[in-house]
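The basis for the numbers below is simple: all heavy atoms, side chains too, and nothing from hydrogens, waters or symmetry mates.
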Amino acid sequence: MPRMSDEPARWTQATVYPDMWTDPDDDPRDSGGPAPEGELATLEDFLRNYRLTLRMKCEGLDAEQLARRSVPPSTMSLLGLVRHLAEVERDWRNWITDGDPLPKLYGERDADFDRAVADQAVVEAAYADLEREQAATDAALAAHPDLGERVGKDRISIRELLVHRIEEYARHCGHADLLRECVDGRVGQ
């Protein structure tokens, strides 16, 4: 099947392994040290790496590219994913508390994707929101080092919450792979 002329050519920056996003020596997810010790440290390491992966998939793109939608009728974009994960981080804190839930960050349902528009101020705000919400959720969870502790109205275990966070980032990093390839053809793990 011939390529459509408006499709970007597939490419990678990696020179060692052609299917990788970046060369191993340049990959910020590889600390070069030993694997983390213990369950909590392992879960936190996986979460950190998926967070970095999402950032890497967005690097080097302008506001228009970040806001570019995937396939109609989907409203998904890389910028929408950044906003969505900020919203989700906030919501996870609602799972920890017995108190009133925090309000939605972007308002009504799906505003995280629907209002992800090609505006540099929206991009900067989305990254600031994500960093702030990640830090707040990390701090809230740090108060509960026992992975078996059950918290919140639903009595969810800290372990389940951490695994769910990893799953959420992993799933959306898969979306980011495809979105990035649609934007400029860059491929890799």
Query raised in the report: Tracing side-chain links under 4.5 Å among I, L, V, M, F, W and Y, which residues wind up in one group with Tyr106?
Result: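 The other cluster members (ILVMFWY side chains, heavy atoms under 4.5 Å, direct or chained) are Leu105.
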[X] side, atom [atom1]; [Y] side, atom [atom2] - distance, nearest 0.5 Å:
| X | Y | atom1 | atom2 | result |
| --- | --- | --- | --- | --- |
| Leu47 | Ile166 | CG | CD1 | 6.0 Å |
| Asn94 | Arg90 | CG | CZ | 8.5 Å |
| His84 | Leu79 | NE2 | CG | 13.0 Å |
| Thr137 | Arg93 | OG1 | CZ | 4.0 Å |
| Cys173 | Met56 | SG | CE | 10.0 Å |
| Leu179 | Gln65 | CG | CD | 12.5 Å |

Query raised in the report: For the side chain of Ser74 and the backbone of Ser70, is there at least one donor-acceptor N/O pair under 3.5 Å apart?
Result: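 A pair under 3.5 Å: no.
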Query raised in the report: Under 3.5 Å, side chain of Arg150 to main-chain N/O of Ile156, donor-acceptor pair present?
Result: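 No.
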Which atoms form the tightest heavy-atom contact between [X] and [Y], and what is the distance?
| X | Y | result |
| --- | --- | --- |
| Val151 | Ile96 | CB-O, 3.7 Å |
| Gly148 | Ser157 | O-CB, 4.2 Å |
| Gly99 | Thr97 | N-OG1, 2.9 Å |
| Cys58 | Tyr127 | CB-OH, 3.1 Å |
| Gln134 | Glu89 | CG-OE2, 3.6 Å |
| Leu54 | Val82 | CD2-CG2, 4.4 Å |

Would you indicate whether the side-chain heavy atoms of [Y] and [X] approach each other to under 4.5 Å?
| X | Y | result |
| --- | --- | --- |
| Val123 | Asp119 | no |
| Glu44 | Leu40 | yes |
| Trp95 | Lys153 | no |
| Leu43 | Leu147 | yes |
| Arg180 | Leu61 | yes |
| Thr53 | Tyr169 | no |

Query raised in the report: Glu131 and Arg55: salt bridge (Lys or Arg N to Asp or Glu O under 4.0 Å), yes or no, with the steps?
Result: CA-CA 11 Å; Glu131 288 175 18; Arg55 290 250 182 202; 3.0 Å; yes
Following the transitive rule for hydrophobic clusters with a side-chain heavy-atom cut-off under 4.5 Å over Ile, Leu, Val, Met, Phe, Trp and Tyr, establish whether [X] and [Y] coincide in one cluster.
| X | Y | answer |
| --- | --- | --- |
| Tyr50 | Val163 | yes |
| Leu66 | Leu52 | no |
| Val117 | Leu130 | yes |

Requested in this report: Take Leu141 and Trp92 through the test side chain to side chain contact (heavy atoms under 4.5 Å, CB included) and record every step on the way to the result.
Outcome: CA-CA 10 Å; Leu141 284 170; Trp92 282 323; over 6 Å; no
Between [X] and [Y], does any side-chain N to carboxylate O distance fall below 4.0 Å?
| X | Y | answer |
| --- | --- | --- |
| Glu149 | Arg159 | no |
| Arg83 | Glu87 | no |
| Arg68 | Asp62 | no |

Requested in this report: Let me see the working for Arg69 and Met76 under side chain to side chain contact (heavy atoms under 4.5 Å, CB included), right down to the final yes or no.
Outcome: CA-CA 5 Å; Arg69 307 299 172 138; Met76 190 176 290; over 6 Å; no
Query raised in the report: For atom CZ of Arg155, is the number of surrounding heavy atoms from other residues, nucleotides or ligands below 6.0 Å larger than 12?
Result: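 Yes, the 6.0 Å shell around CZ holds more than 12 heavy atoms from other groups.
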Query raised in the report: Is the count of non-hydrogen atoms from other residues, nucleotides or ligands lying under 6.0 Å from Asp154 atom CG greater than 12?
Result: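 At most 12 heavy atoms, drawn from other residues, nucleotides or ligands, come within 6.0 Å of this atom.
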Requested in this report: Assess whether salt bridge (Lys or Arg N to Asp or Glu O under 4.0 Å) is satisfied between Arg51 and Asp138, documenting all intermediate values.
Outcome: CA-CA 13 Å; Arg51 285 174 170 175; Asp138 290 347; 3.0 Å; yes
Requested in this report: Name all residues meeting the salt bridge (Lys or Arg N to Asp or Glu O under 4.0 Å) criterion together with Glu108; count only those two or more places apart in sequence or in a different chain, and write none if there are none.
Outcome: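 Salt bridge (Lys or Arg N to Asp or Glu O under 4.0 Å) check on Glu108 returns Arg115.
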Query raised in the report: Going by distance alone, is a donor N or O of one side chain under 3.5 Å from an acceptor N or O of the other, for Glu168 and His172?
Result: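 Result is yes, a qualifying pair exists.
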